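Worksheet for the structure shown next.
Read the numbers this way: they start at 1 and go in the same order the structure lists the ligands and their atoms. Count residues from 1 along the sequence. Values in this document were obtained by computation on a predicted structure and should not be read as measured data.
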Amino acid sequence: MYPAADTATLLIDGKWLEADDGATFPVTAPATGELIGRAADAGAAETDRAIDAAAAAFGPWSAETAYARADVLRRAHDLMLERAEDLAVLMSTEQGKPLKAARNEVRYAADFLAWFAEEAKRVHGRTIPSNRRGHRFQVLKQPVGVVAGITPWNYPMSMITRKVAPAVAAGCTIVLKPAEQTPLCAVAVLALLEEAGLPPGVANLVTTARPEPVGERLLADPRVRKLTFTGSTEVGMRLAAGAAATMKRVSMELGGHAPMIVFDDADPVHAAKGATLAKFLNTGQACISPNRIYVQRGVVEAFTEALVARTATLSAGPGTSPGVSIGPLVDDAALTKVQRQVDDAVERGARLVLGGTRLTEDGLDRGCFFAPTVLADIDETMLIYREETFGPVAAVIPFDTEEEVVARANDTAYGLASYLYTRDLGRATRVSEALRFGIVGVNDINPTGAQAPFGGVGVSGLGREGGVEGLDEYLDVKLIGTAL
Ligand code: NAD
């Protein structure tokens, strides 16, 4: 068991502190319900001091050379890889995902540190030929200032480096509020940045079980010039509205409802392998998880058979146990939501081909485990067709034509990830251009990487993380016109 953390989990101006009133909240392993630590339960006063620290650190940090900022991020990257195994065990214990998936996430988290260490040195401006004689235009990119970052529990380390690395690379300072389910992962990442030489106040951490008062302070303070949020669409919309009062810049990485389209010219067995890997990744608790799997009628039987055969081999259990590929859901509410979607689909005529219930044997009743599930004959009348599932349920929908499936895939307010399987280049091009999503995987179930822009359209959010775009989110553009 990972040792219980010290309860001084607030990092403010380079000091690790308890909450002012000593209040803490429990951190439990979702697989077993066991207590694994306690974290400081901060409120408005601690948040204000974290903003003070970030505001004071902004001047000196933004005046550092990009090379100096890059050195810190590069050292943090190296330290993260050195500690990868310990970090993966912590993540698997606190968040629940299988150890192998946790190791992958630690590497993904480290990739953002390396990528933005390099990009820090490429914040180029430009000169623009003027339309007037004796005149020059110059464009500079400058850090936006103090940033507030709010992150979810499902990717508890990579969602932090995806925000903190570009912020500090750009010369910004940040106050981070991690999810209440995974504060210990946040402590581990911030401690590592500190050890890598990040000066006091540049990155501050406010752990809390009460996000509202902390969020309110971050939104209300005019010194905070940018809010970067990853989480649900519902909360994201509320926070974006709050950020408008002080006209903060916002980046919003929100929910998804990804379609996966399998055409009949694709190998249905290969596509089913991809669908299994993508759908059950992180027990379906991923914003890019395929929520609607459209399969052309000619291959739907072969596809479903292969999907069921593969899904039946997945074994559920605590992420740290060997051979486990399905971890627990985050909480009871998640379990209830998944069960409701499955029951509703079956009542409305879907075929339950595999799973469909909570798992309680062999000690699994101590966590919120749901059986890997396959539902066939899903249609538009069912809840699962519209609501993000965030659980291990593959919903298969038959279709007939390309035109029909593009229209159905686009029939959602979400617009994050989408996938298609085809061996026809013309079709791949037509469909990937017609899908109204920020990300399209063509015969590819993992269209993500630190070097590539990640983000959605519609109610899936605003802005991009990763790639060259990920740094621009933390930079203001300044125009200088000079009369010579
Ligand atoms: P959530 O919105 O409930 O919580 C996300 C974060 O917001 C947490 O830190 C939480 O404490 C905080 N929060 C909640 N209410 C707040 C308030 N009033 N003020 C300030 N902070 C507040 O989401 P969740 O259930 O933790 O995460 C799952 C969601 O995140 C899913 O919808 C998923 O699709 C989405 N997600 C999106 C991406 C992406 O990149 N687009 C990545 C991962 C997860």
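For ligand 1, the atoms sitting less than 4.0 Å from at least one non-hydrogen atom of G215 are 19 (N), 20 (C), numbered in the order shown with element in parentheses. Atoms of ligand 1 lying under 4.0 Å from at least one heavy atom of P178, given by number and element, are 9 (O). The atoms of ligand 1 that sit less than 4.0 Å from any heavy atom of L239 are 19 (N), 20 (C). Within ligand 1, counting atoms from 1 as listed, the ones closer than 4.0 Å to a heavy atom of L416 are 41 (N). Listed by number with element, the atoms of ligand 1 under 4.0 angstrom from any heavy atom of T230 are 5 (C), 36 (N), 37 (C), 38 (C), 39 (C), 40 (O), 42 (C), 43 (C), 44 (C). Applying the 4.0 Å criterion to heavy atoms of P152 picks out, from ligand 1, the atoms 26 (O), 27 (O).
Within a 4.0 Å radius of atom 25 (O) of ligand 1, the protein contributes one or more non-hydrogen atoms.
At under 3.5 Å, a nitrogen or oxygen of E180, whether backbone or side chain, sits near a nitrogen or oxygen of ligand 1. Note: an N/O pair closer than 3.5 Å links T151 and ligand 1 by distance alone. Taking distance alone, with nitrogen or oxygen atoms compared against 3.5 Å, R162 approaches ligand 1 more closely than that limit.
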* Asked: Could you go step by step and tell me if R103 and E85 meet the salt bridge (charged side-chain N to carboxylate O under 4.0 Å, His left out) rule?
  -> CA-CA 7 Å; R103 289 187 185 118; E85 192 57 20; 2.8 Å; yes
* Walk me through it: do T208 and D41 pass the test side-chain hydrogen bond (donor to acceptor under 3.5 Å, both in side chains)? => CA-CA 4 Å; T208 184; D41 190 11; 3.1 Å; yes
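Stacking of K163 on the aromatic ring of Y474 is not recorded, the 6.0 Å distance cut-off and the 45° axial limit not both being met. Stacking of R162 on the aromatic ring of F454 is recorded, both the 6.0 Å distance cut-off and the 45° axial limit being met.
Looking at atom 44 (C) of ligand 1, its nearest protein heavy atom turns out to be N154 ND2, 3.3 Å. Nearest protein neighbour of atom 32 (O) of ligand 1, counting heavy atoms only, is E388 OE1, 2.8 Å. In terms of protein heavy-atom proximity, atom 7 (O) of ligand 1 is nearest to F229 CE1, 3.2 Å. Among protein heavy atoms, atom 38 (C) of ligand 1 sits closest to C287 SG, 3.0 Å. The protein heavy atom nearest to atom 31 (C) of ligand 1 is F390 CZ, 3.4 Å. When only non-hydrogen protein atoms are considered, atom 18 (N) of ligand 1 lies nearest to E212 CG, 3.7 Å.
A salt bridge links D476 with R249; the closest basic N to acidic carboxylate O contact falls under 4.0 Å. The residues R358 and D365 are annotated as not salt-bridged, no charged nitrogen and carboxylate oxygen being separated by less than 4.0 angstrom.
For the side-chain hydrogen bond (donor to acceptor under 3.5 Å, both in side chains) test, residues two or more places apart in sequence or in another chain that qualify with N446 are T448. S321 is linked by a side-chain contact (heavy atoms from CB on, under 4.5 Å) to P318, V324, counting only residues two or more places apart in sequence or in another chain.
Counting heavy atoms closer than 4.0 Å to ligand 1, residue Y155 contributes nothing at all. Within the 4.0 Å heavy-atom criterion, neither part of L218 lies near ligand 1. Residue contacts with ligand 1 for T233 are absent, since no atom lies close enough (heavy atoms, distance under 4.0 Å). In L254, the part holding a heavy atom less than 4.0 Å from any atom of ligand 1 is the backbone. With a 4.0 Å heavy-atom cut-off, ligand 1 is reached by no atom of E465.
Between S460 and ligand 1 there is no heavy-atom distance shorter than 4.0 Å. Note on ligand 1: R464 sits outside its first shell, no heavy atom being nearer than 4.0 Å.
By the 6.0 Å contact criterion, NZ on K337 is enclosed, its count of non-hydrogen atoms from other residues, nucleotides or ligands being greater than 12. Atom CD of E234 has 12 or fewer heavy atoms from other residues, nucleotides or ligands within 6.0 Å.
The residue from E387, H257, E388 that alone fulfils the side chain to side chain donor-acceptor pair (under 3.5 Å) condition with N291 is H257. Of the options D411, D344, D379, a salt bridge (charged side-chain N to carboxylate O under 4.0 Å, His left out) to R386 is made by D411 and by none of the others.
Among S289, A209, P211, G149, the residue whose heavy atom sits closest to atom 16 (C) of ligand 1 is P211. Among I150, V214, V235, the residue whose heavy atom sits closest to atom 15 (N) of ligand 1 is V235. Across G231, G256, S232, heavy-atom proximity to atom 2 (O) of ligand 1 is greatest for S232.
At least one donor-acceptor pair under 3.5 Å links the side chain of W61 to the backbone N or O of V168.
In this structure, a donor-acceptor pair under 3.5 Å is present between the side chains of T207 and T9.
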